[in-house]
Number of protein chains: 2
Amino acid sequence: MSTSQDGKRSTAKKPRPRRRARHSLSREMILEAAETIAVRDGLDGLTFQALGKELEAHPTSIYRHFRDKDELVLELIDSLRAGSYGGQLEATDSWREDLRVMARHIHDHYLRYPQFALQMAARTTRRPAEFKNVEFALDALVRAGLPPEEATSTMRVFGNVIRALSSMESGLHALDDNTRRGDALAWEVEYRSLSPEAYPRIASMSDHLTSIGDPHVFDQAVEMLLDAVETRVAVLSASTS
Amino acid sequence: MSTSQDGKRSTAKKPRPRRRARHSLSREMILEAAETIAVRDGLDGLTFQALGKELEAHPTSIYRHFRDKDELVLELIDSLRAGSYGGQLEATDSWREDLRVMARHIHDHYLRYPQFALQMAARTTRRPAEFKNVEFALDALVRAGLPPEEATSTMRVFGNVIRALSSMESGLHALDDNTRRGDALAWEVEYRSLSPEAYPRIASMSDHLTSIGDPHVFDQAVEMLLDAVETRVAVLSASTS
DNA sequence: GAAGCAAGTCATCGCCATTGACTATAAGGT
DNA sequence: ACCTTATAGTCAATGGCGATGACTTGCTTC
């Protein structure tokens, strides 16, 4: 049992060890290998050939488990999301802090997988992890003092802004270095050298201009939205009293 | 004039008419053809072969004008942007209205080219159209009453949120119909049938839940940001008086 | 009108996703 | 214990993609 069969597969210097065992492949294993490759080489490196090599299986074997590459990628995105922002959200007595924490949570998840960010943002998952987030955000907004209708629409705005911003910031990280450097430099150099006549505001404030990828933008956006909620609540309670 | 030379090229039923004239190709012509193809068939349809057919030239001729496909696509994006939100922004006496109009302007541009939206959002253009927008937004925020530092960072937040949200909404339109329908239905059906015990907030508010692609989200996000600016200005003027 | 070179062409490369035919193998009935 | 059968894994082939390098043609310049 150990000499013949095991030997064929594990010692394999370079030639393919005949054939894999019958049920030695599964959706889970393939997704795992896909994540390894995607994290290491980026989404472009995720090819059937690469998968085949990573799994020590024939590239087309994957077609027995996934209809096509799209199905594989979508499922991979789902599994990443499930693994990343699972359940550890817990409400405190500050709705503001709760929403802030959730935002940062999601933001970090997107930044962890820059290659997928663009495709992740627009898709609905319909899985427990997502339900939990929605419930959590709704609860916080109701505790803040918003009536049901406004809580739902505000939740949608808050969630979409968070995902969209995170996705964009993350997508920036996925650009190649030269491109990114050029874009960042543009804000530091080109904007400073614009004529004060044509662009008076830019000229007078160019010292404060930061690049498009400034990570502080996300935090400020979150705070501004939270401020808006607070103001709205104050207006509502004033009008009812 | 009409028989020999003209006949060869214009009547061309199917065979290639020998060879194109020496300077009959240019960056502009190629970009124009690329836009035609991309708008008609989507970004995936934009291949060198398709370009060759559209231009009635050999596919590889394009390499004499663009180093590679990436250069072509980036330039195409730039030219679309320049053509779309050109100069017609004009300041009124309401900074709020000005920023609102600008937001809608950019939003519409992104929705016009869903195929490009994802790649457009994260890139800096460094062209007059962009300078003009930045100048316009900065001016509006200063008129609103923000000090220079806050005006610049707020401008960045405002711009990024607008572009990111537009890009996401637009990217949604680029999804295939089945996927989009399934995602939209999830919010109407699946979220309504979640157990009230596990998800009390969702259960009690499910009537108000709208899909992730709700176009109203963009408008509300803009209003919330503008509200936050207004509140901030009020706080600042209160503390200085 | 000859020379020279840039612009257009062509054959070809290597990589990709996907398919249909095949083949070994594990499970299950007898 | 055997034989059958469905099926997971394999393989060769297809067609499309971006890209390259050698070539050839026709415009320009002297």
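Below, chain A is the first sequence line, B the second, and so on; all start at residue 1.
Between B:F131 and A:Y199, the angle of the ring planes goes over 60°, which puts this pair in the perpendicular group of the 30/60° scheme.
One can place NE2 of B:H23 at 14 Å from C1' of D:dT29, the figure rounded to the nearest angstrom. Taking atom CD1 of A:I62 as the reference point, atom C1' of D:dT7 lies 17 Å away to the nearest angstrom. Going from atom CG of B:L72 over to atom C1' of D:dG18 covers 12 Å, rounded to whole Å. Atoms CG (B:D44) and C1' (D:dC17) sit 12 Å apart, rounded to a whole Å. With rounding to whole Å, B:R20 atom CZ is found 13 Å from C:dC10 atom P. Computed from coordinates, the B:F48 CZ to C:dT12 P distance equals 21 Å when rounded to whole Å. The separation between B:F66 atom CZ and D:dT20 atom P is 16 Å, rounded to whole Å. Atom pair A:L51:CG and C:dT18:P shows a separation of 12 Å (rounding to whole Å applied).
For A:L25, whose side chain is taken as the heavy atoms from C-beta onward, the closest listed nucleotide among D:dT10, D:dC17, D:dG9 is D:dG9. Comparing atom distances between the A:K69 side chain and each of C:dG8, C:dA26, C:dA17 picks out C:dA17 as nearest. Taking the side chain of B:A57 as heavy atoms from C-beta on, and the options D:dT7, C:dT9, C:dT18, the nearest nucleotide is C:dT9.
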Between the protein and nucleotides 19-23 of chain C, which nitrogen or oxygen pairs are less than 3.5 angstrom apart?
unit_1 : atom_1 : unit_2 : atom_2 : d
C:dA21 : N6     : A:R64  : NH2    : 3.4
C:dT23 : O2     : A:R19  : NH2    : 3.2

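Expressed to the nearest 0.5 Å, how far CD of B:E35 lies from OH of B:Y113 amounts to 4.5 Å.
Under 4.0 angstrom from either OP1 or OP2 of C:dA11 there lies no side-chain N or O belonging to B:H58. Look at A:Q49 and you won't find any side-chain N or O under 4.0 angstrom from OP1 or OP2 of C:dC15. Listed pair A:S24 / D:dG9 meets the phosphate criterion, a side-chain N or O lying under 4.0 Å from OP1 or OP2.
Listed for the B:K132 side chain is no donor-acceptor partner under 3.5 Å among the backbone atoms of B:L89.
The existence of a salt bridge linking A:D219 and A:R104 is confirmed by a sub-4.0 Å separation between a basic side-chain nitrogen and an acidic carboxylate oxygen.
Contacts of A:S61 with the nucleic acid, taken as non-hydrogen atoms under 4.0 Å apart, include base atoms.
The side-chain tip of B:R27 points at the ring of B:F66 from less than 6.0 angstrom away and within 45° of straight on.
Applying the 6.0 Å contact sphere to CD of A:E32 captures no more than 12 heavy atoms from other residues, nucleotides or ligands.
Between B:Q220 and A:S153, the side chains place a donor N or O and an acceptor N or O closer than 3.5 Å (distance only, hydrogens not considered).
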